[in-house]
Asker: 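Submitted below is the structure of interest, expressed as structure tokens.
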Amino acid sequence: MASSCTFLLAPLCPRTRPFSLPTLRLAPLRSTSTAGRLSVSASAGNALQALIFDCDGVILESEHLHRQAYNDAFSHFGVRCPSSSSPSQPLNWAPDFYDELQNRIGGGKPKMRWYFKEHGWPSSTIFETPPEDDANRVKLIDTLQDWKTERYKEIIKSGTVEPRPGVLRLMDEAKAAGKMLAVCSAATKSSVILCLENLIGMERFQGLDCFLAGDDVKEKKPDPSIYLTAAERLGVSRKECLVVEDSVIGLQAATGAGMSCVITYTSSTADQDFKEAIGIYPDLSNIRLKDLELLLQSLVAAT
């Protein structure tokens, strides 16, 4: 064991779980208020070399925007599934259903393929009758996804979307401190680039040390490929990386890559099981780079 650590906890709100030391790792801190701050003192060396952000749900709260774009695509192409609640009407994913779907399956094309396999392949203006061979099913999904992506871009360009609290400040702190900065998203590259250009600005986007999207890896989250690729491109140890995610899918991808992960949850992911995270926050408003450095240090000191 490394030298002893001192943990100082600010007053926590009722939902905060106690901070403890399970076997060789730190239990997460959950707070439903930005007043729930963590301060950790440790004598271990600074282990944080790269801070890696997910995009959707972390940099922006995007679930409702993606759902709107999908439903607009289904309406535009008259997508009708035989087993839906209203088979005579275009498919419409309700908020509760989409929350469950997007937290189970990463990436737009896998979402639609899963849904159509479960609920029946649809008729549409793309194919008058449901496609029966895989080539036409791929064409259907590709067409829907391409249109949905363009619609999503229109929403982002509207100027009505803001980054989540604390994200830009934390990115700036990391760059100022000489840390490597990366964004790894399961979404398509074009949509992620648009989000980053509009929400973090061109200067921050061009200053990233690594940027990976779903197009850059064969397997999407929860597969760890995207984070393993990021560590390789950054030239750092996975233990020196800290990932910021918002869902259990992203958490599984990060921990599967051997990286520590903190969660900044959204309204649709707040009730997920984040026990493998080393920190859990409602947003990044009160989280500073030094908090994350000390959090990672404490984990190193405990192993």
Side-chain angles (χ1 to χ4, degrees), residues 1-10 12 15-31 34 36-54 58 166-167 170-171 173-174 177-184 209-210 221-222 224 226-232 234-265 269 272-303:
M1 295 290 290
S3 57
S4 62
C5 307
T6 302
F7 301 97
L8 303 175
L9 290 177
L12 302 179
R15 287 183 60 196
T16 304
R17 295 199 293 249
F19 198 82
S20 60
L21 277 172
T23 306
L24 296 184
R25 56 180 300 122
L26 294 172
L29 173 72
R30 177 186 287 273
S31 171
T34 54
R37 293 288 305 278
L38 173 68
S39 177
V40 185
S41 297
S43 59
N46 187 351
L48 179 60
Q49 297 299 324
L51 188 60
I52 306 176
F53 289 84
D54 179 29
V58 173
V167 170
L170 190 55
M171 285 184 167
E173 286 184 2
K179 308 298 180 185
M180 292 185 179
L181 195 62
V183 171
C184 293
D209 297 288
C210 178
K221 303 173 186 178
I226 196 165
Y227 288 125
L228 292 171
T229 303
E232 182 178 350
L234 291 169
V236 297
S237 164
R238 287 172 273 172
K239 298 297 183 182
E240 297 173 323
C241 298
L242 182 61
V243 176
V244 184
E245 276 282 0
D246 70 298
S247 71
V248 71
I249 286 179
L251 174 61
Q252 290 169 349
T255 55
M259 297 179 182
S260 297
C261 181
V262 297
I263 292 291
T264 169
Y265 55 84
T269 65
Q272 293 184 6
D273 183 1
F274 296 129
K275 64 178 181 293
E276 294 300 314
I278 65 170
I280 306 171
Y281 314 104
D283 59 48
L284 299 172
S285 296
N286 285 343
I287 308 303
R288 303 283 175 170
L289 180 65
K290 64 181 180 182
D291 297 323
L292 300 181
E293 289 182 300
L294 292 172
L295 189 61
L296 196 58
Q297 283 178 14
S298 64
L299 181 63
V300 173
T303 58

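Residues take their numbers from the sequence shown, with the count starting at 1.
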Asker: Does S260 reach the side chain of L299, with side-chain heavy atoms less than 4.5 Å apart?
Answerer: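 The answer is yes; the side chains approach within 4.5 Å.
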Asker: Hey, are the side chains of L228 and R238 touching, using non-hydrogen atoms and a 4.5 Å cut-off?
Answerer: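 In short, these two side chains touch, coming nearer than 4.5 Å.
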Asker: If we only count heavy atoms from C-beta on, is the E240 to M259 side-chain gap below 4.5 Å?
Answerer: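 In short, these two side chains do not touch, never coming nearer than 4.5 Å.
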Asker: Just how far is it from atom CD of Q49 to atom CG of L296, taken to the nearest 0.5 Å?
Answerer: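 If we round to the nearest 0.5 Å, Q49:CD and L296:CG are 10.0 Å apart.
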Asker: Quick test of your reading: applying salt bridge (Lys or Arg N to Asp or Glu O under 4.0 Å), list the pairs with at least one residue in residues 241-265, sequence neighbours left out, ordered by first then second residue.
Answerer: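 Those involving residues 241-265 are K221-E245.
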Asker: Looking at every heavy atom in both Y227 and A257, which two are closest together, and how far apart are they?
Answerer: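 Closest approach of Y227 to A257: CB-CB, 3.7 Å.
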Asker: For L170, what residues pass the side chain to side chain contact (heavy atoms under 4.5 Å, CB included) criterion, not counting sequence neighbours?
Answerer: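 L170 satisfies side chain to side chain contact (heavy atoms under 4.5 Å, CB included) with L51, F53, E173, L284, L289, L292 once adjacent residues are dropped.
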Asker: Between V236 and A50, which heavy-atom pair has the shortest distance, and what is it?
Answerer: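 Closest pair (atom of V236, atom of A50, distance): CG2-CB, 4.2 Å.
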Asker: Determine, stepwise, if the pair E276 / Q252 fulfils side chain to side chain contact (heavy atoms under 4.5 Å, CB included).
Answerer: CA-CA 8 Å; E276 294 300 314; Q252 290 169 349; over 6 Å; no
Asker: To the nearest 0.5 Å, tell me how far F274 CZ sits from I280 CD1.
Answerer: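 F274 CZ to I280 CD1: 7.0 Å, rounded to 0.5 Å.
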Asker: Output the distance between atom CD1 (I52) and atom SG (C184), rounded to the nearest 0.5 Å.
Answerer: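 Answer rounded to 0.5 Å: 5.0 Å.
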Asker: Would the distance check show the side chain of T255 and the main-chain N or O of L251 forming a donor-acceptor pair, the cut-off being under 3.5 Å?
Answerer: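 Answer holds: yes.
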Asker: Under 4.5 Å between any side-chain heavy atoms of C261 and I263, yes or no?
Answerer: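 Counting from C-beta outward, C261 and I263 do come under 4.5 Å.
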Asker: Between CG of L242 and CD1 of I278, what distance do you get to the nearest 0.5 Å?
Answerer: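 The CD1 atom of I278 is 5.0 Å from CG of L242, to the nearest 0.5 Å.
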Asker: If you look at every heavy atom in D283 and I287, which pair is closest and at what distance?
Answerer: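 Shortest heavy-atom contact: O-CG1, 4.0 Å.
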Asker: Just verifying a value: how many Å separate S247 OG and D54 CG, rounded to the nearest 0.5 Å?
Answerer: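 Rounded to the nearest 0.5 Å, the OG-CG separation comes out at 6.5 Å.
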Asker: Contact between T264 and V244 at the side-chain level, heavy atoms closer than 4.5 Å - yes or no?
Answerer: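 Answer yes - side chains close enough.
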Asker: Which pair of heavy atoms, one from V248 and one from Q272, lies closest together, and at what distance?
Answerer: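 In terms of heavy atoms, the two residues are closest at N-OE1, 2.6 Å.
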